[in-house]
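The block underneath contains the structure these notes are about, expressed in structure tokens.
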Amino acid sequence: MSMQPWFTDAKLGIFVHWGIYAVDGVQESWSFYDDIVPHERYMSQLDRFTGARYDPHAWADLFARAGARYAVLTSRHHDGVALWDTAYGDLNLGRDYLTGYADALRERGLKVGLYYSHSDWNHPDYASTRKPGRPPELEDNRYSECAAGDEDPDAWERFLAYRDGQVRELASRYRPDLMWFDGEWDRSEEQWRIGELAALIRSYSPDVVFNARMLSEGDYATPEQGAPIEPPEGPWELCLTINDSWGFQHHDHHHKSLSQLVRYFTETIGGGGNLLLDVGPMEDGTVPQPQVERLEGLGEWIRGHAEAVYGTVRGLPAGHHYGPSTLSADGRTLYLMLFDVPRAEIGVRGLVTPVRRVTVLGTGTELGHRVVGGLHEAVGVLWIEPPAGSDLDPHATVLAVELDGELELYRGSGRF
């Protein structure tokens with residue numbers, strides 16, 4: 001099944017980690033799994049979660065102002081607590097938080113994504129088997145697997161029936177545009193019955209997009225936190241936190257600066273990917289102000305440089321320009337990102353296609369340019385006069401290089 005065009009055109013999505021873990025501000029699910037927080041204390045957050053100021057329309061407005069084209073909300077993390085009134089299992093918040101979310105996003109023209117963990121470390125039938133090939137002498141966490149020889153196939157079948165029931169609810173009620181799975185490492189593709197799960201979801205949402213954690217059914221790569229040095233060949237998405245945490249944690253004030261986020265964003269889209277930027281709402285449903293400010297700042301930068309963002313494809317490979325770049329869909333305009341104030345001319349190497357003109361995106365100021373050197377098939381270097389003063393953006397200045405034809409690059413080693 002081919003990738004849906006809306007995904008590769010989106011460039012920016014918002015990841016939303018929201019659940020009972022925001023009450024005490026502890027790490028989502030892992031804090032009890034790793035015995036950092038006693039299980040009983042972790043689960044006591046269920047009774048203390050209020051969602052008192054949850055306003056999905058305010059979320060959707062914020063995400064739209066940020067320039068996002070889709071969002072992904074944690075409908076159920078590894079702790080098994082559902083954000084909708086599921087009929088399967090006994091862990092939910094007694095309220096459907098997903099309908100308002102899906103409706104609000106669609107009213108703003110944003111695509112609807114739902115995160116769902118394959119794993120459920122609280123389900124009584126989950127730790128009933130082991131991943132094939134795991135040495136019997138190795139014991140994993142008690143929440144995720146049983147001891148070798150204690151497998152219970154009937155219990156695993158009950159778990160899959162529960163899983164399928166919840167996923168059917170999500171697919172039939174909310175018709176997600178994207179399903180973002182996680183927790184795939186705990187079992188094999190055969191144990192998860194990935195093919196059957198994908199068919200179930202597609203029976204309700206035929207054009208749904210899956211991330212790579214749907215294994216063989218995944219549509220795109222999902223690097224997490226670390227920006228790839230070599231971007232994946234096909235569609236991909238970098239999921240990234242604004243501070244150091246996915247969900248809300250009171251003590252985490254290590255927020256990335258707006259300039260850093262612009263760098264992450266431009267480097268990601270320059271490599272042909274999307275940035276899935278995470279926010280962690282507080283337990284009442286409000287997004288922390290430092291995260292709001294950064295989303296709004298990113299949106300302001302995107303609006304001022306939208307031509308270099310939407311409707312573009314991955315730009316120059318590494319070595320041609322010292323910074324990220326994007327390319328218009330027709331291959332005739334190259335957009336160069338400059339993070340620092342230029343101290344000299346900007347060089348672009350290996351550009352075979354002649355340049356018609358170079359302008360500063362946003363101000364329209366035209367910059368002089370010339371080609372120096374070159375021998376036979378090895379082309380010279382394009383040198384562009386540096387922008388200055390009011391033409392410089394505080395986070396990233398973008399130059400539009402209009403080409404006299406479609407982009408053609410020289411990638412050779414020159415004459416020996």
Going by atom types alone, do [X] and [Y] pair a side-chain donor with an acceptor below 3.5 Å?
X: Arg163; Y: His118; answer: no
X: His254; Y: Asp244; answer: yes
X: Asp284; Y: Thr286; answer: yes
X: Thr129; Y: Glu145; answer: no
X: Ser119; Y: Tyr126; answer: yes
X: Ser259; Y: Arg263; answer: no
X: His17; Y: Asp278; answer: yes
X: Glu307; Y: Tyr335; answer: yes
X: Tyr220; Y: Glu237; answer: yes
X: Asp96; Y: Tyr174; answer: yes
X: Thr365; Y: Asp391; answer: yes
X: His39; Y: Tyr143; answer: no

For [X] and [Y], indicate whether the former's side chain and the latter's backbone hold a donor-acceptor pair under 3.5 Å.
X: Ser257; Y: Gln260; answer: yes
X: Thr326; Y: Ala308; answer: yes
X: Glu283; Y: Thr50; answer: yes
X: Arg314; Y: Thr268; answer: no

Atom [atom1] of residue position [X] - does it have more than 12 heavy atoms of other residues, nucleotides or ligands inside 6.0 Å?
X: Gln191; atom1: CD; answer: yes
X: Glu40; atom1: CD; answer: no
X: Glu230; atom1: CD; answer: no
X: Arg53; atom1: CZ; answer: no
X: Tyr264; atom1: OH; answer: no
X: Arg356; atom1: CZ; answer: no

Met214 and Leu197: side chain to side chain contact (heavy atoms under 4.5 Å, CB included), yes or no, with the steps?
CA-CA 9 Å; Met214 268 293 272; Leu197 181 62; 3.9 Å; yes
For the residue pair [X] and [Y], categorise the inter-ring angle as parallel (less than 30°), tilted (30 to 60°) or perpendicular (more than 60°).
X: His78; Y: Trp121; answer: tilted
X: Trp18; Y: Phe49; answer: tilted
X: Tyr116; Y: Phe181; answer: perpendicular

Candidate pair Asn243 and Thr241, rule side-chain hydrogen bond (donor to acceptor under 3.5 Å, both in side chains), full reasoning
CA-CA 5 Å; Asn243 52 10; Thr241 53; 4.9 Å; no
Side chain to side chain, [X] and [Y], heavy atoms closer than 4.5 Å:
X: Leu409; Y: Val352; value: no
X: Trp383; Y: Ile346; value: no
X: Asp393; Y: Val398; value: no
X: Val279; Y: Phe15; value: no
X: Val381; Y: Val348; value: no
X: Trp84; Y: Arg76; value: yes

Just do the side chain to side chain contact (heavy atoms under 4.5 Å, CB included) check on Leu170 and Ser75 with the steps written out, would you?
CA-CA 9 Å; Leu170 294 175; Ser75 69; 3.7 Å; yes
To the nearest 0.5 angstrom, please state how far the [atom1] atom of [X] sits from the [atom2] atom of [Y].
X: Leu334; Y: Leu399; atom1: CG; atom2: CG; value: 9.5 Å
X: Ser117; Y: Glu184; atom1: OG; atom2: CD; value: 9.0 Å
X: Thr222; Y: Asn211; atom1: OG1; atom2: CG; value: 4.0 Å
X: Leu336; Y: Ile384; atom1: CG; atom2: CD1; value: 5.5 Å
X: Gln289; Y: Glu293; atom1: CD; atom2: CD; value: 4.5 Å
X: His395; Y: Met337; atom1: NE2; atom2: CE; value: 14.5 Å

Between [X] and [Y], which heavy-atom pair has the shortest distance, and what is it?
X: Ala198; Y: Phe210; result: CB-CE1, 3.8 Å
X: Ala82; Y: Gln166; result: CB-NE2, 4.3 Å
X: Met3; Y: Pro235; result: CE-CB, 3.9 Å
X: Asp120; Y: Gly80; result: OD1-CA, 3.3 Å

Applying side chain to side chain contact (heavy atoms under 4.5 Å, CB included), run through Arg69 and Tyr310 and close with a yes or a no.
CA-CA 10 Å; Arg69 298 293 176 85; Tyr310 306 117; 3.3 Å; yes
[X]: which residues meet the side-chain contact (heavy atoms from CB on, under 4.5 Å) condition with it, sequence neighbours left out?
X: Glu224; value: Arg213, Cys239, Trp246
X: Val371; value: Leu382
X: Val313; value: Leu327

For Asp79, the option from Tyr42, Trp30, Tyr21 that meets side chain to side chain donor-acceptor pair (under 3.5 Å):
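With Asp79 as partner, Tyr42, Trp30, Tyr21 yield a single side chain to side chain donor-acceptor pair (under 3.5 Å), made by Tyr42.
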List the steps, then state whether side chain to side chain contact (heavy atoms under 4.5 Å, CB included) holds for Gln27 with Val37.
CA-CA 9 Å; Gln27 187 179 14; Val37 173; over 6 Å; no
Partner residues of His123 under the ring-ring contact (aromatic ring centres under 6.0 Å, His included) criterion, sequence neighbours left out:
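In terms of ring-ring contact (aromatic ring centres under 6.0 Å, His included), with neighbours along the sequence ignored, His123 is linked to Phe159, Tyr162.
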Sequence-distant partners of His305, ring-ring contact (aromatic ring centres under 6.0 Å, His included), two or more places apart
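His305: ring-ring contact (aromatic ring centres under 6.0 Å, His included) contacts with Trp301.
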Going by the ring pair (Phe, Tyr, Trp, His ring centres under 6.0 Å) test, name the single residue among Trp180, Tyr70, Trp236 that passes it with Phe7.
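One option only clears the test, and that one is Tyr70.
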Those residues that, when tested against Ser413, pass side chain to side chain donor-acceptor pair (under 3.5 Å) (two or more places apart):
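Residues passing side chain to side chain donor-acceptor pair (under 3.5 Å) with Ser413: none at all.
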